[in-house]
Amino acid sequence: MSDKQPKKVLVAVAWPYAQGPLHLGHIGGAYLPSDIYARFRRSVGDDVLMVSGSDVHGTPITVKADELGVTPREIVDKYHPEFLTYWEDLEIDWDLFTTTGTDTHKRVVQDFFLKLLENGYLYTETSEQFFDEEAGRFLPDRYVEGTCPHCGFGDARGDQCDNCGKTLDPVDLIDPRSKLSGTTPVLRETEHYYWKLSAFNEPMLEWLTSREGWRPHVVNFAVGMVDDGLHDRAFTRDLDWGIPIPVDDLGPGKSIYVWWEAVMGYLSAPQEWAEIQGTPDAWKDWWEDPEAEAYYFVGKDNIPFHAIYWPALLMGYGGLNLPTDVPANQYVTFGGAKASKSRGVGRPLSWYLERFEPDALRYALAQSLPESNDSDITDDEIARRVNDELVATWGNLVNRVVSMTDRYFDGTVPQPGPLTDMDEAAMKARMDTLGDVSDLIYNVKLRAGIARAMTGAQEANVYLNDLAPWTTSKTDMTRTGTTLWVALQMIAANAVALSPYLPGTSRRVLEALGSPIEGRAPRWEAPEVEAGSKLSELAPLFAKVDLEATT
RNA sequence: GGCGGCGUAGCUCAGUUGGUAAGAGCGCUCGACUCAUAAUCGAGAGGUCGGCAGUUCAAGUCUGCCCGCCGCUACCA
């Protein structure tokens, strides 16, 4: 670890729409895993840049704004600040969490557009779209409603019929009407830029099939999609809310399609970060250095955009790093059924934060990360993880060792005597824990990583039971001191092993044992708890949770 | 409809290229201990690996069909 050259690591995380509160599925699916990974890479000395931000131009935002009769900006201004409080509460440690509404983003996106145009990947084409003459706007698919041509359902949306589930083209609707004004929309010609995505079929397939270490479901899904053939996609929309195209040959009112624009945030956010640092070119270390790595943490619904479209955009731009890995997660489901509002997923994050300590919530989610399959969780399951695993195994371990050190040695780290084989084995076990957890996190097996770290805590419990310092304290204080000294070393190392997952409580443990963290993350090595030093006060790490008492 | 995925102990889940008598955590039973947040440690019970049929010397792990569940299906994110 320590002998490796520090690497530049871009930790890129899905951009949430600033359109509604986040739920545990979002946290477990993307934001927590990225934070765990980023914290770990900081610990081993790499230069991590973790960025994301609120997508302010997403269609759901304009839909919601139209429904409420407010501007999209008002929606964004409500939810973006709310997101920031989540990050603070959960200690999601961004280098920058911005929005797609910044000048930097606009500049980068428009530059990207021009570069694609220059490289021959954009062309114009005319098509017919529904236009609401009363509202004076072209209508996105879901703004058109009418009778479903398949089942006769009267309120089918232009993109899909909610009754029979079929995918529709708004032009096929019988008696179409505008959702904006209720009037009958008319077909009107409109000219747009199209992206020559079809040109990337071959290189994309070649790139995808040569990825090593990617999760099977990610590669399979992406390859399957490319195998079906990539088709050219419209690159612009008839919208005012968005980033206008930087050329005027199509007239006004043309914005870059929000999805293409949003993923470019991975490029613009590091530039904004660099500007804030006062080193405007610093972002290039993460984007242009071939040795730099880039990890994209997203949910599985985002695989096409991060494993295909964004890499294709980058290929079209040229000279920028493609993703090192897209460790997409599956879904966190609640109470068996799919993510449903009635079973907890609709609960605001604050509901959980009122009942669980941040690290306790992080623990339960980390143990349930849907890395290879959808994973199911319930409120009781979260409480069970906290009470029967986290408190019982780790919290109690720390507490019992600190208590004995207080009782038998007045809170001073005892001087160890000669180490026996059992002592040596325990000292080695703590190093193995750090090594194993490190291997697992490097491979983005975060769930296995925290389980392994907990095994380390169990090993310390076994060691204590075998050596029984509460018994030896009656006859042999040297032996007792040695045992507690070893146990303290194990705890300190284990706090480091857990630190990516449980940053707040790990910090408390390390401070109490005399190894305060310098910087944002502890060094990934076993700290030395010095004999003779005085332990500072350390209250129990976690409290047990009783949901019934607080509900 | 098309594409993809899932169904492994009571619960939540692991199980690289098919190969020793199928694993973990929690729960449960019994025992040990009492420093510790009735926590800890040990032992044990518990599974036709959704069903059926194949391929193979050998299948949870490959093929086909069936049952149940889910996601995506391109201007929807």
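Proteins come first, then strands; the chains are lettered A, B, ... in the order of their sequence lines, and each starts at number 1. Predicted model, so just to flag it, every value in this text is computed and none were measured.
- When the C1' atom is compared between B:U34 and B:G23, the two are found 32 Å apart, to the nearest whole Å.
- Rounded to the nearest Å, the gap between the P atom of B:A45 and that of B:U29 is 16 Å.
- For B:G47 and B:A22, the C1' atoms lie 9 Å apart once the distance is rounded to whole Å.
- Nucleotide B:C26 holds its P atom 18 Å from the CG atom of A:Asp380, rounded to whole Å.
- Within residues 468-493 of chain A, the residues approached by RNA chain B to less than 4.0 Å at the level of any non-hydrogen atom are A:Trp470, in residue-number order.
- The nearest whole Å value for the distance from the NZ atom in A:Lys300 to the P atom in B:G4 is 15 Å.
- Side-chain contact between A:Ile256 and A:Val109: present, with at least one pair of heavy atoms (C-beta onward) separated by less than 4.5 Å.
- Checking B:C70, B:U37, B:C6 against every side-chain atom of A:Asp374, the shortest atom distance belongs to B:C70.
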Could you go through A:Tyr193 and A:Phe113, starting from their C-alpha distance and side-chain angles, then the distance that decides it, and tell me whether this counts as ring pair (Phe, Tyr, Trp, His ring centres under 6.0 Å)? CA-CA 10 Å; A:Tyr193 272 97; A:Phe113 178 97; 5.1 Å; yes
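- Looking at A:Ile450, A:Ile36, A:Ile27 one by one, the single match for side-chain contact (heavy atoms from CB on, under 4.5 Å) with A:Leu365 turns out to be A:Ile27.
- Taking atom CG of residue A:Asp379 and atom C1' of nucleotide B:U12, one finds them 15 Å apart after rounding to whole Å.
- RNA chain B is contacted by both A:Ser368 and A:His217; A:His217 maps to the nucleotide lying nearer its 5′ end (nearest heavy atom per residue).
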Dot-bracket for RNA chain B, 5' to 3', counting Watson-Crick or G-U wobble pairs under 3.5 Å, with [ ] for crossing pairs and | for inter-strand pairs? (((((((..((((.....[...)))).(((((.......))))).....(((((..]....))))))))))))....
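- Nearest nucleotide to the side chain of A:Ser372, out of B:G15, B:U12, B:C75: B:G15.
- Contact check of residues 382-398 of chain A against RNA chain B (heavy atom, cut-off under 4.0 Å) returns A:Arg384, A:Arg385, A:Asp388, A:Glu389, A:Val391, A:Ala392, A:Gly395, A:Asn396.
- Applying the side-chain hydrogen bond (donor to acceptor under 3.5 Å, both in side chains) test to A:Ser52 and every residue at least two apart in sequence or in another chain returns nothing.
- Base engagement by A:His231 is indicated by at least one non-hydrogen atom pair under 4.0 Å involving a base atom.
- Between A:Lys300 and A:Asp374 there is a salt bridge, since a side-chain N of the basic residue sits under 4.0 Å from a carboxylate O of the acidic one.
- Look at the C1' atom in both B:U12 and B:G51: the space between them is 24 Å, to the nearest Å.
- Contact of the A:Glu128 side chain with the A:Arg188 side chain is not registered, since no non-hydrogen atoms from C-beta on lie closer than 4.5 Å.
- The side chain of A:Asn399 has B:U37 as its nearest neighbour among B:C11, B:U37, B:C75.
- Of all heavy-atom pairs spanning A:Leu488 and A:Val529, the tightest one is O-CG2, 3.7 Å.
- Backbone-only contact: A:Asn461 has heavy atoms under 4.0 Å from sugar-phosphate atoms and none from a base.
- Using atom P as the reference point in both B:A59 and B:U20, the two lie 11 Å apart (nearest Å).
- The listed nucleotides are B:C75, B:A36, B:G7; the one nearest the side chain of A:Asn373 is B:G7.
- The distance between atom CD of A:Glu371 and atom P of B:C6, rounded to the nearest whole Å, is 16 Å.
- Nucleotides B:G71 and B:U63 have their P atoms positioned 24 Å apart, rounded to a whole Å.
- Between A:Phe305 and A:Trp260, the two ring planes are tilted [angle within 30° to 60°].
- Straight-line distance from the CH2 atom of A:Trp241 to the C1' atom of B:C75: 19 Å, rounded to whole Å.
- Atoms CH2 (A:Trp259) and C1' (B:C75) sit 13 Å apart, rounded to a whole Å.
- Contacts of A:His192 classified as ring-ring contact (aromatic ring centres under 6.0 Å, His included), with partners at least two apart in sequence or in another chain: none.
- Note on A:Arg407: a side-chain N or O is less than 4.0 Å away from OP1 or OP2 of B:A36.
- Rounded to whole angstrom, the span from the CZ atom of A:Arg400 across to the P atom of B:C33 amounts to 15 Å.
- Among the nucleotides B:U37, B:A14, B:C41, the one closest to any side-chain atom of A:Val462 is B:C41.
- By the 6.0 Å and 45° rule, A:Arg362 does not stack over the aromatic ring of A:Tyr501.
- Straight-line distance between the P atoms of B:C11 and B:G50: roughly 14 Å, to the nearest whole Å.
- For A:Lys544, counting side-chain heavy atoms from C-beta on, the closest listed nucleotide (B:C75, B:C35, B:U37) is B:U37.
- Here A:Lys254 pairs with A:Thr190, A:Asp238 under the side-chain hydrogen bond (donor to acceptor under 3.5 Å, both in side chains) rule; sequence neighbours left out.
- With values rounded to the nearest 0.5 angstrom, A:Trp310 atom CH2 is found 9.0 Å from A:Tyr266 atom OH.
- Between A:His23 and A:His26, the ring planes lie parallel to each other; the angle is under 30°, not in the 30° to 60° tilted range.
- For A:Ser403, counting side-chain heavy atoms from C-beta on, the closest listed nucleotide (B:A36, B:G7, B:A74) is B:A36.
- The listed nucleotides are B:C72, B:C41, B:C35; the one nearest the side chain of A:Gln458 is B:C41.
- Comparing A:Ala457 and A:Asn220 by the nucleotide of RNA chain B that holds the closest heavy atom to each, the one mapping nearer the 5' end is A:Asn220.
- Between B:G7 and B:C49, the two C1' atoms lie 10 Å apart (nearest whole Å).
- The base of B:C75 is not paired with the side chain of A:Arg233 by any donor and acceptor separated by under 3.5 Å.
- Between A:Arg452 and A:Asp432 there is no salt bridge, since no side-chain nitrogen of the basic residue lies less than 4.0 Å from a carboxylate oxygen of the acidic one.
- The distance from atom CG of A:Leu467 to atom P of B:C41 is 15 Å, rounded to the nearest whole Å.
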